[in-house]
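First the structure, in the form of structure tokens, and then the observations on it.
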Amino acid sequence: MKLIMATIKPFKLEEVRDALSAIGVRGMMVEEIKGFGAQSGHTEIYRGAEYTVNFVPKIKLEIAVQASMADEVVETITKTARTGKIGDGKIFVLDIAQAVRVRTGETDEEAL
């Protein structure tokens with residue numbers, strides 16, 4: 001089993017969700033986050049005053065899948081979330097040692 005953590009631009013969330021649903025992803029966790037990387041923030045003008053935004057809003061996705069499906073999920077997120085501009089995000093793939101569905105007690109791949 002794999003845990004895929006991806007950060008994407010907020011306006012890409014629905015498009016990514018639809019694409020993942022189309023390949024059989026049955027669930028994900030979504031969190032609004034702020035961060036910076038190569039983008040290093042930006043400046044904005046508000047009511048005539050310029051100020052620096054050091055942390056950029058992003059969406060963090062966490063998706064648990066069978067190991068055999070991980071590459072397809074990563075490829076789908078990459079293709080769907082890409083704008084070609086700085087700040088498109090990152091994807092990390094981690095191993096899951098154990099999973100338990102609380103309601104039924106199912107474990108590991110059956111819990112996904």
Side-chain angles (χ1 to χ4, degrees):
M1 298 175 298
K2 300 290 184 177
L3 176 64
I4 299 167
M5 295 184 349
T7 57
I8 63 172
K9 291 182 175 186
F11 69 89
K12 286 291 197 172
L13 176 58
E14 286 303 315
E15 190 178 344
V16 170
R17 186 190 64 80
D18 291 343
L20 290 172
S21 293
I23 65 165
V25 172
R26 297 184 314 198
M28 71 178 79
M29 292 177 278
V30 178
E31 186 176 0
E32 293 179 3
I33 62 170
K34 292 182 180 185
F36 75 93
Q39 200 171 5
S40 299
H42 60 279
T43 58
E44 290 185 1
I45 297 177
Y46 179 72
R47 294 189 178 181
E50 186 175 314
Y51 64 99
T52 302
V53 177
N54 291 320
F55 293 97
V56 179
K58 299 283 184 186
I59 296 292
K60 178 181 174 184
L61 307 175
E62 293 185 1
I63 307 158
V65 296
Q66 295 177 1
S68 61
M69 198 174 176
D71 289 339
E72 184 179 12
V73 170
V74 169
E75 182 181 331
T76 299
I77 295 170
T78 302
K79 286 190 327 190
T80 309
R82 179 179 288 139
T83 66
K85 297 181 181 166
I86 196 165
D88 275 350
K90 295 258 192 309
I91 301 173
F92 303 101
V93 180
L94 298 95
D95 290 323
I96 297 176
Q98 182 181 16
V100 178
R101 183 175 305 204
V102 175
R103 178 177 54 88
T104 62
E106 292 171 297
T107 60
D108 299 329
E109 290 188 359
E110 289 80 29
L112 299 180

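Heavy atoms only: backbone and side chains are in, while hydrogens, waters and symmetry mates are out.
Screening Ile4, Val16, Ile63 for a side chain to side chain contact (heavy atoms under 4.5 Å, CB included) involving Met28 leaves a single residue, Ile63.
In this structure, Lys58 NZ and Ile33 CD1 are separated by 8.5 Å, a value rounded to the nearest 0.5 Å. Separating the NZ atom in Lys9 from the CD atom in Glu15 is a distance of 12.5 Å, to the nearest 0.5 Å.
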Anything under 3.5 Å between a donor and an acceptor, one on a side chain of residues 94-101, the other on a protein residue two or more places apart or in another chain? List them.
from	atom 1	to	atom 2	distance (Å)
Asp95	OD1	Lys2	NZ	2.4
Arg101	NE	Glu106	OE1	3.4
Arg101	NE	Ala111	O	3.4
Arg101	NH2	Glu110	O	3.4
Arg101	NH2	Ala111	O	2.9

Contacts table for residues 18-26: side-chain donor-acceptor under 3.5 angstrom, sequence neighbours left out:
from	atom 1	to	atom 2	distance (Å)
Ser21	OG	Arg17	O	3.1
Arg26	NH2	Leu112	O	2.9

Pairs under 3.5 angstrom only: tabulate donor-acceptor contacts from the side chains of residues 77-84 to other protein residues two or more places apart or in another chain.
from	atom 1	to	atom 2	distance (Å)
Thr78	OG1	Val74	O	2.8
Thr80	OG1	Thr76	O	2.7
Thr83	OG1	Lys85	N	3.2
Thr83	OG1	Asp88	OD1	2.4
Thr83	OG1	Asp88	OD2	3.4

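Under the 4.5 Å side-chain heavy-atom criterion for ILVMFWY residues, a single connected hydrophobic cluster contains both Leu61 and Met69. Leu3 is connected to Phe92 through a chain of hydrophobic side-chain contacts under 4.5 Å among Ile, Leu, Val, Met, Phe, Trp and Tyr, so both are in one cluster.
Side-chain contact between Glu32 and Ile59: present, with at least one pair of heavy atoms (C-beta onward) separated by less than 4.5 Å.
Counting only residues at least two apart or in different chains, salt bridge (Lys or Arg N to Asp or Glu O under 4.0 Å) contacts with residues 63-72 are absent.
For Lys34, the side-chain hydrogen bond (donor to acceptor under 3.5 Å, both in side chains) criterion is met by no residue, not counting sequence neighbours. For the side-chain hydrogen bond (donor to acceptor under 3.5 Å, both in side chains) test, no residue two or more places apart in sequence or in another chain qualifies with Gln66. For Glu31, the salt bridge (charged side-chain N to carboxylate O under 4.0 Å, His left out) criterion is met by no residue, not counting sequence neighbours. With sequence neighbours excluded, the residues forming a salt bridge (charged side-chain N to carboxylate O under 4.0 Å, His left out) with Glu62 are Lys60, listed by chain and number.
The two residues Ala6 and Ile91 make their nearest non-hydrogen contact at CB-CG1, 3.9 Å.
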